[in-house]
Asker: 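Here it is: the structure, laid out below.
Every number for a ligand or one of its atoms is a count from 1 in the order of the listing. The analysis underlying the following values was restricted to heavy atoms, covering all of them including side chains, and did not include hydrogens, waters or symmetry mates.
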Amino acid sequence: MSAEHPRLSAATLASTHAGTQQPAYDRHRLRPGIVHLGLGAFVRAHQALYTEDLLATEFGPWGMIGVSLQRPDQRDHLAPQDHLYTALQRDSSGVTARIVGCVQSALVATEDPEAVIDAMAQPDTCIVSLTVTEKGYCLDPATGRLQEHHPDIRHDLEHPSEPRTAVGFILAALARRRDAGIAPFTVLCCDNLPSNGTLLKNLVSDFAALGDCGLATWVETHASFPSTMVDRIVPATTLDDLAEVARLTGLADAAPVVHEPFRQWVIEDRFIGGVRPSWDRVGAEFVSDVAPYEHMKLRLLNGAHSALAYLGYLAGRETIADAVADPALRTFVKALWRDEIIPVVPPPPGTDLTAYTYALLNRFSNPAIRHRTWQIAMDGSQKLPQRLLSSVRERLPRDLPIPHLALAIAAWIRYVGGIDERGREIDVRDPLGPKLREILDRAGEDPRARVRAVLGIEAIFGSDLPRDARFEKALVAAYSNLLDQGAVGAAAALARAHA
Ligand code: CS2
C-alpha cells in the first residue's frame with residue numbers, strides 16, 4: 001500500500017481526487033438487512049455494486065454484514081477503513097474509481113462463530129447470500145449432494161453452535177430463528193453451480209436430516225432458496241492495482257477490487273414475504289426460471305474459461321486475454337462454442353447465443369483485465385461437471401462428436417498431472433489435487449492408462465461417463481495429441497481437421 005497517501009476512511013472520504021465516485025446516500029442511516037458469507041472480491045464487485053446503485057436510487061435497509069469463513073485478511077483490511085473500499089472498472093478505454101459504502105461490517109467466522117450466527121438470526125436480516133466458491137459447499141460435484149463424511153461437516157454436526165461451514169452456519173441460524181419464532185431469511189446462493197438455490201437447499205436438508213429431523217421439515221416447508229445466475233469478471237487484486245487506486249483517488253486502500261464493465265444478475269423471484277431489494281431497478285432481472293440463463297452462462301462463459309485456462313496455462317499464456325490473443329486458441333474457443341456447446345444449449349428468452357459468444361470473446365480479450373489462467377484453473381475437480389461435462393452429457397446420447405470438449409478436459413488431466421509442457425512443476429490448487437496426482441503417478445505414462453485412472457473418480461465423472469467408450473476414446477485421442485503437439489499445436493490440428 002502507498003505510504004504517501006492518507007488511508008481511505010470515513011474521515012478522509014471527502015478528500016478524494018475529483019472524478020472518484022462516492023456513496024450517494026447517507027451511510028449513517030444505513031441498516032444491515034443482508035449477511036453475506038464469503039467476503040471475497042467477487043461479491044464486492046458484483047452484488048455490492050448493484051446494492052450501491054440501488055441505495056442511491058431508492059434508499060432502504062440493505063447494508064451488508066460481510067463474513068469471511070476462514071481468513072481474517074479482508075476484515076483486517078476493511079475495518080481500519082470503516083469498511084469502505086474502491087472498485088476499479090477497467091477496459092481498453094480507461095479506468096474509473098468508485099468508493100463503495102454498503103458493506104457495514106466484517107466478521108471472521110473462525111474467530112467468533114457466535115457473532116456470525118447472531119447476525120444471521122437478527123429479525124432484520126432478510127437475506128443471507130453466499131459466494132463461498134464451489135468447494136465451500138462440501139458437496140459431491142457429480143451428484144450435488146452433501147459429502148457427509150467431509151471433516152468440516154463432521155465437525156459441524158458435533159459442534160452445531162460453532163460451525164465452520166456455510167451449510168453449518170445457515171442451519172444454526174435457521175434453528176435459532178425457528179426457536180425464537182422468527183421467519184427464516186431467504187438464502188441467496190451466488191456461486192457458479194448448477195441450480196444453485198435448489199442445490200444449496202438440498203445440502204442444508206441433507207445436513208439437517210443428519211441431526212434434528214424436525215428442523216429438516218421446518219426448513220423444507222418455510223425456507224426459500226432462489227437460484228441465481230451471476231456474472232462479472234473479477235480478477236484477483238494485485239499490488240499494481242493498489243498503487244493505481246492511490247494514484248487515482250489520492251487515498252490508500254488495502255482492499256480494492258477490479259472488474260470489467262459488464263455485469264449480469266438473474267434471480268429467481270422467490271423471497272420470503274416478497275421482501276427484497278429492488279435490484280431490478282438497477283439492472284438485475286427477477287425471473288421465474290433461472291435455468292436457461294444459468295446453462296448459457298456456466299457452459300458458454302465458464303466452460304470456455306476453464307478450457308482456455310488449462311490449454312492457455314499449458315502453453316505458457318499468463319492471462320485469458322493472452323490466451324485468446326493466440327490465433328489457434330482463439331479459433332479453438334470459437335469452434336467449441338459454435339460446434340459443440342451452442343447446438344445443445346436452449347437460449348434464454350430473447351437471447352441470441354451467437355451474439356452472446358461474440359460479446360464473450362470481447363470480454364475475454366479485454367487487455368486491462370489481467371485474469372490469470374492459473375486462477376481460473378484452480379479447483380477444476382469442482383468446476384468440470386457443470387462447465388464442460390454438462391455439454392458432453394447433452395451430446396453423447398445424440399451421438400454428436402466432442403473433439404473440442406475432449407481437448408479441454410484432456411488439458412485439465414494434463415494440468416493436474418502437475419508438470420507443464422516445458423517440464424516445470426505446476427502449483428495445482430484443488431481439493432482433489434493430491435489424489436489426482438497420486439493416481440496419475442501410479443498410472444504411468446501411457447495416455448489410455450492415465451485417462452482411465454482419472455475417469456475412475458466418480459465424484460467428478462459420475463458412473464455414466466466412465467462407462468461410455470466414446471468418451472474415453474475422445475479423451476485418449478485428445479490427450480495423445482496434447483502430448484505430441486502441445487496445447488497450441490493440438491488446438492491448431494483440430495482447426496485443420498474441422499476446416
Ligand atoms: C472464472 C469465474 O475463476 C473462474 O473459475 O471462470 O470466476 C468467472 O470469471 C465468473 O464466473 C464470471 O462471471
Asker: Identify the closest protein heavy atom to atom 11 (O) of ligand 1: which residue and atom is it, and at what distance?
Answerer: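 For atom 11 (O) of ligand 1, the nearest protein heavy atom comes out as K297 NZ, 2.7 Å.
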Asker: Answer with yes or no whether K383 contacts ligand 1, where contact means a heavy atom under 4.0 Å from a ligand atom.
Answerer: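 The answer is yes, since K383 has a heavy atom less than 4.0 Å from ligand 1.
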Asker: Give every residue pair that meets the salt bridge (Lys or Arg N to Asp or Glu O under 4.0 Å) criterion with at least one member in residues 346-358, sequence neighbours excluded.
Answerer: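 Sorted pair list comes back empty.
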Asker: Considering only the protein, which heavy-atom contact is closest to atom 2 (C) of ligand 1, and what is its distance?
Answerer: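 Protein heavy atom with the smallest distance to atom 2 (C) of ligand 1: N302 ND2, 3.6 Å.
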Asker: Can you tell if the side chain of P277 reaches within under 4.5 Å of the side chain of T51, non-hydrogen atoms only?
Answerer: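 No, every pair of side-chain atoms sits at 4.5 Å or beyond.
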Asker: Provide, to 0.1 Å, the distance between atom 13 (O) of ligand 1 and the closest protein heavy atom, together with that atom's residue and name.
Answerer: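 The closest one turns out to be D231 OD1, 2.6 Å.
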Asker: Both conditions, 6.0 Å and 45 degrees, for the charged tip of R276 above the ring of F286: are they met here?
Answerer: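 So R276 does make the cation-pi contact.
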Asker: Enumerate the atoms of ligand 1 whose separation from the nearest heavy atom of I376 is less than 4.0 angstrom.
Answerer: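 Answer, ordered by atom number: 3 (O), 4 (C), 5 (O), 6 (O).
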Asker: Enumerate donor-acceptor pairs with a distance under 3.5 Å from any side-chain N or O in residues 94-109 to protein atoms, sequence neighbours excluded.
Answerer:
from, atom 1, to, atom 2, distance (Å)
R98, NH1, D53, OD1, 2.9
R98, NH2, D53, OD1, 2.7
Q104, NE2, L30, O, 3.0

Asker: Look at atom CD of Q375 and say whether more than 12 heavy atoms of other residues, nucleotides or ligands are closer to it than 6.0 Å.
Answerer: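 Atom CD in Q375 is crowded, with more than 12 foreign heavy atoms closer than 6.0 Å.
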Asker: When you look for heavy atoms under 4.0 Å from ligand 1, do you find them on the side chain of E134, its backbone, both, or neither?
Answerer: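 Contact part for E134 vs ligand 1: neither.
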Asker: Are the ring centres of H371 and F364 closer than 6.0 Å?
Answerer: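 No, they do not, as the ring centres are separated by 6.0 Å or more.
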Asker: Out of L298, N192, I320, who is nearest to atom 7 (O) of ligand 1 when you count heavy atoms only?
Answerer: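 When every heavy atom of L298, N192, I320 is considered, N192 comes closest to atom 7 (O) of ligand 1.
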Asker: Which residue owns the protein heavy atom closest to atom 6 (O) of ligand 1, what's the atom, and how far is it?
Answerer: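 In this structure, atom 6 (O) of ligand 1 has H305 ND1, 2.8 Å as its nearest protein heavy atom.
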